[in-house]
Amino acid sequence: MYRDFENAIAAQGLTHIAWRVLAVLHDAALSPDEPAGVAIGQLAHDVLAKQPTVTKLVQRMAEEGLVALHADPGDQRRTLVVTTDTGRRIATALIAQARQQETTLLARWSASEAEAFKRHLQKLVNEPPHAAAARVVAPARGRDPVPPASGG
């Protein structure tokens, strides 16, 4: 099933990171907080990539007609990114396919299990990486850390 979605992304001429850019921009366009677009720095954060990588990618996507770039009216040093009609059409189609696959995968579980899974994923996405690592490696007060199991 994952391969089907991978193929759908490739069929649109997109890389995984370009797909994530379109998905983030699609969601941002629905938010009243970011009607003018998403700054490249924020976009890089949201798609889990380095800013120079995203800068080059969105420039290429602009040349391909998937996104448009414009200066932030509040800060001319920042570039905002929005989807074009073509980019929105592609994002909408891929999001619909992703949702269908999610529905199919989660159909194996009860509604409460599926909701719990989604909550845990959302928590994982929103939690800073160092917070989760600190909980795993920090021993309880007054206790020695558990030694790793021997590979006997």
Heavy-atom check, side chain of E113 versus side chain of R108, under 4.5 Å: no
ILVMFWY cluster, L106 and F5 together (side-chain gap under 4.5 Å): no
E102/R99 salt bridge by N-O under 4.0 Å criterion: no
Residues 53-65 side chain polar contacts: donor-acceptor under 3.5 Å, at least two apart:
| from | atom 1 | to | atom 2 | distance (Å) |
| --- | --- | --- | --- | --- |
| T55 | OG1 | Q51 | O | 2.9 |
| R60 | NE | E64 | OE2 | 3.4 |

Flag if over 12 foreign heavy atoms under 6.0 Å of NE2, H70: yes
Salt bridge (Lys or Arg N to Asp or Glu O under 4.0 Å) against R20, all qualifying residues, sequence neighbours excluded: none
Under 3.5 Å donor-acceptor, Q76 side chain and D72 backbone: yes
Distance-minimising heavy-atom pair for V24 and V47: CG2-CG1, 3.9 Å
Heavy-atom pair with the smallest gap, counting every atom of D4 and Q97: O-NE2, 3.8 Å
Any side-chain heavy-atom pair of L25 and V38 under 4.5 Å: yes
Side chain proximity check, I17 to L48, heavy atoms < 4.5 angstrom: no
Within-4.5 Å side-chain heavy-atom neighbours: L80 and L69: no
pair L121-F117: side-chain heavy atoms closer than 4.5 Å: yes
Residue pair H26 / L22, side-chain heavy-atom distance below 4.5 Å: no
Side-chain touch L66/L14, heavy atoms, less than 4.5 angstrom: yes
Stepwise side chain to side chain contact (heavy atoms under 4.5 Å, CB included) check, T83 with R89: CA-CA 9 Å; T83 54; R89 180 185 52 74; over 6 Å; no
W19 reachable from L43 in the ILVMFWY side-chain graph, under 4.5 Å edges: yes
